[in-house]
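Before any comments, here is the structure.
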Amino acid sequence: MNDVYVEFFSDEALENVMCLLQYKPKRVVYLGYKVTMVTRKMRSLEKFAKHVSPETELEFIEVKRDSLEDCISSMESIADRYPDALYELTGGGEMLLIAFGFVSASRNLKTLRIDPYTGLEVDMLPGERPTQRRDTLSISVKDNIILHGGLLTRQTGSYSTWSFTTDFKEDIRTIWDIAKKLEHKWNRYCSIIEDVIKAHPCDETGYYILPKSALGEAGTLLGRLNGKGMLKDFSQDSRRIRFRFKSSSIRHIVTKTGNILELHVYEVASRAPEVFTDQIIGAMIDWNGDKNEEEKRIYASDYERYMNATYDTMNEIDVVLMKHTAPIFISCKSGKAGSNALHELETVTRRFGGKYASKALAMALPLESSQNGSSFFRERAKEMHIWVIDNIYHLTDEELLSRLVKLQP
């Protein structure tokens, strides 16, 4: 293994870390334009490196974008200091690549390229035929967010709300079967139950006594849940329903309309670990996770300007999957989805995934029944390269998994 690799600094964060992921060398030298190599991106790289290769030292060298002489001089200096370095050619602008060609003509520099999406590596050593091989490189959702300058907060659902034991995954499947049969009634019933529970809290043991007059038809959902073992100590008379939830997780599902769809998408994706190498549900992202409080005031993100938000922008993405190094951002809608959902998904994906990320809108109901102007909506989503997976209530688990596997930028 070589000790030093040279990366041409890229706007696409993933293109800057392929050698780091593959070889975890002693040093990576980043050569890039001053206009591209901004402080925020360099700090994000350093933070990422501490997670995936803490022994690797990073060195940043800035050059003028419009000065071929400066690019050549900097590259010759690197070649003098690190004569055995390998040069990774994925990123970099035209002037740097022209300078590399000029220097390499006399120095016989060793080069390689690792495709961030496929993991295909092509090695080009002086005097030898190019060779290629394909490796499986992976990063976690957490590290992908760090690489792009953000931070997964403790409010993220995978950390704070859900514990995906074998028993809970079975509960998800059980409740999803109930929701499928109810379809649009599921949202209405859950909303009613949420309101009634707020008005009639449980006692210190978690025991609820709810009036049937307030529950109305939503009481039938509690009966179905009890029939499937999702409630405990269930009893009822002509006026009241009494019960305990099987667990706090079941309570979270029943008292928030969209949770079961998110959990279903997450659970189905978890059945293909060879495809989806990491996954997070309810990803709560701090957009400025790599900055202190003062810097947050100075560096307003694109999303903050778009949403006219405060400097400390937070955003939740329902499900984030990783296909090795490429993230997939999924927004789940159990009811209607407006155009804002598309814009938010597009903005978050661009910020935390770049061109290698995929994005999808997962909808429980058919788009045509939940969205006015559905043809325009679907066309707009297509223009934004957002996949729409709708009518999930009527998809088998196998059909949903197949559609998730096919997601790509």
Side-chain angles (χ1 to χ4, degrees), residues 1-116 119-133 135 137 139 146-147 149 290 325 354:
M1 184 191 77
N2 281 67
D3 290 336
V4 180
Y5 288 81
V6 180
E7 292 268 12
F8 295 154
F9 197 89
S10 172
D11 271 331
E12 290 291 337
L14 189 57
E15 294 179 350
N16 294 324
V17 300
M18 300 313 294
C19 288
L20 192 67
L21 291 171
Q22 176 72 296
Y23 296 108
K24 296 177 172 54
K26 289 185 178 179
R27 179 178 293 267
V28 178
V29 180
Y30 291 97
L31 184 63
Y33 303 139
K34 291 181 179 180
V35 68
T36 303
M37 200 177 284
V38 296
T39 301
R40 172 176 60 82
K41 293 182 178 181
M42 289 190 289
R43 288 184 179 177
S44 297
L45 256 179
E46 290 170 340
K47 195 171 183 180
F48 177 85
K50 287 180 181 178
H51 278 253
V52 302
S53 183
E55 301 302 317
T56 301
E57 295 183 14
L58 306 187
E59 179 181 349
F60 298 93
I61 299 174
E62 297 178 342
V63 295
K64 299 176 182 177
R65 183 170 55 180
D66 58 351
S67 174
L68 179 60
E69 182 180 351
D70 190 23
C71 293
I72 291 174
S73 174
S74 296
M75 208 163 295
E76 287 180 332
S77 175
I78 292 172
D80 288 339
R81 285 189 293 138
Y82 308 114
D84 295 322
L86 268 81
Y87 294 75
E88 208 279 321
L89 301 181
T90 303
E94 291 181 359
M95 197 68 76
L96 278 173
L97 294 176
I98 292 171
F100 174 79
F102 180 84
V103 175
S104 137
S106 58
R107 300 253 189 172
N108 291 323
L109 303 180
K110 295 176 285 186
T111 62
L112 74 156
R113 184 185 185 279
I114 305 175
D115 187 287
L120 178 67
E121 178 176 339
V122 178
D123 296 313
M124 294 157 279
L125 303 179
E128 299 182 16
R129 292 179 61 86
T131 60
Q132 66 179 45
R133 61 192 178 93
D135 284 327
L137 303 176
I139 59 176
I146 289 173
L147 175 62
D290 61 343
T325 58

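When reading the values below, keep in mind they use all heavy atoms of this one structure, side chains included, and skip hydrogens, waters and symmetry mates. We count residues from 1, following the sequence as given.
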Could you state the interatomic distance from [atom1] ([X]) to [atom2] ([Y]), rounded to the nearest 0.5 Å?
{"X": "L147", "Y": "I139", "atom1": "CG", "atom2": "CD1", "value": "6.0 Å"}
{"X": "R65", "Y": "L96", "atom1": "CZ", "atom2": "CG", "value": "11.0 Å"}
{"X": "D135", "Y": "Q22", "atom1": "CG", "atom2": "CD", "value": "4.0 Å"}
{"X": "I146", "Y": "K50", "atom1": "CD1", "atom2": "NZ", "value": "11.0 Å"}
{"X": "M42", "Y": "M37", "atom1": "CE", "atom2": "CE", "value": "6.5 Å"}

Residues in side chain to side chain contact (heavy atoms under 4.5 Å, CB included) with [X], at least two apart?
{"X": "D123", "value": "L112, E121, T131, R133"}
{"X": "E59", "value": "R27, V29, I61, R81, Y82"}
{"X": "R129", "value": "none"}
{"X": "E15", "value": "S10, E12, T90, P116, K355, Y356"}

Looking at [X] and [Y], what are the two nearest heavy atoms and their distance?
{"X": "L109", "Y": "A79", "result": "CD2-CB, 4.2 Å"}
{"X": "F9", "Y": "G32", "result": "CB-CA, 3.9 Å"}
{"X": "Q132", "Y": "V122", "result": "CB-CG2, 4.0 Å"}
{"X": "T36", "Y": "K41", "result": "O-CD, 3.9 Å"}
{"X": "L137", "Y": "T325", "result": "O-CG2, 3.4 Å"}

Report the C-alpha distance between L21 and F48 in whole Å, list the side-chain angles of each, state the deciding distance to 0.1 Å, and finish with yes or no for side chain to side chain contact (heavy atoms under 4.5 Å, CB included).
-> CA-CA 10 Å; L21 291 171; F48 177 85; 4.0 Å; yes
ring-ring contact (aromatic ring centres under 6.0 Å, His included) involving Y87 - partner list, sequence neighbours excluded | F100
Taking only residues two or more places apart in sequence or in another chain, which ones pass ring-ring contact (aromatic ring centres under 6.0 Å, His included) with F60?
-> Y30
For [X], what residues pass the side chain to side chain donor-acceptor pair (under 3.5 Å) criterion, not counting sequence neighbours?
{"X": "T111", "result": "none"}
{"X": "R107", "result": "D80"}
{"X": "S53", "result": "T56"}

Step-by-step side chain to side chain contact (heavy atoms under 4.5 Å, CB included) determination, E88 to R113 | CA-CA 5 Å; E88 208 279 321; R113 184 185 185 279; 3.9 Å; yes
Would you mind writing out the side-chain donor-acceptor pairs for residues 68-76 within the sub-3.5 Å range, not counting sequence neighbours?
| from | atom 1 | to | atom 2 | distance (Å) |
| --- | --- | --- | --- | --- |
| D70 | OD2 | K64 | N | 2.8 |
| S74 | OG | D70 | O | 3.1 |

Report the C-alpha distance between D84 and K110 in whole Å, list the side-chain angles of each, state the deciding distance to 0.1 Å, and finish with yes or no for side chain to side chain contact (heavy atoms under 4.5 Å, CB included).
-> CA-CA 8 Å; D84 295 322; K110 295 176 285 186; 3.9 Å; yes
List the steps, then state whether side chain to side chain contact (heavy atoms under 4.5 Å, CB included) holds for Y5 with L20.
-> CA-CA 9 Å; Y5 288 81; L20 192 67; over 6 Å; no
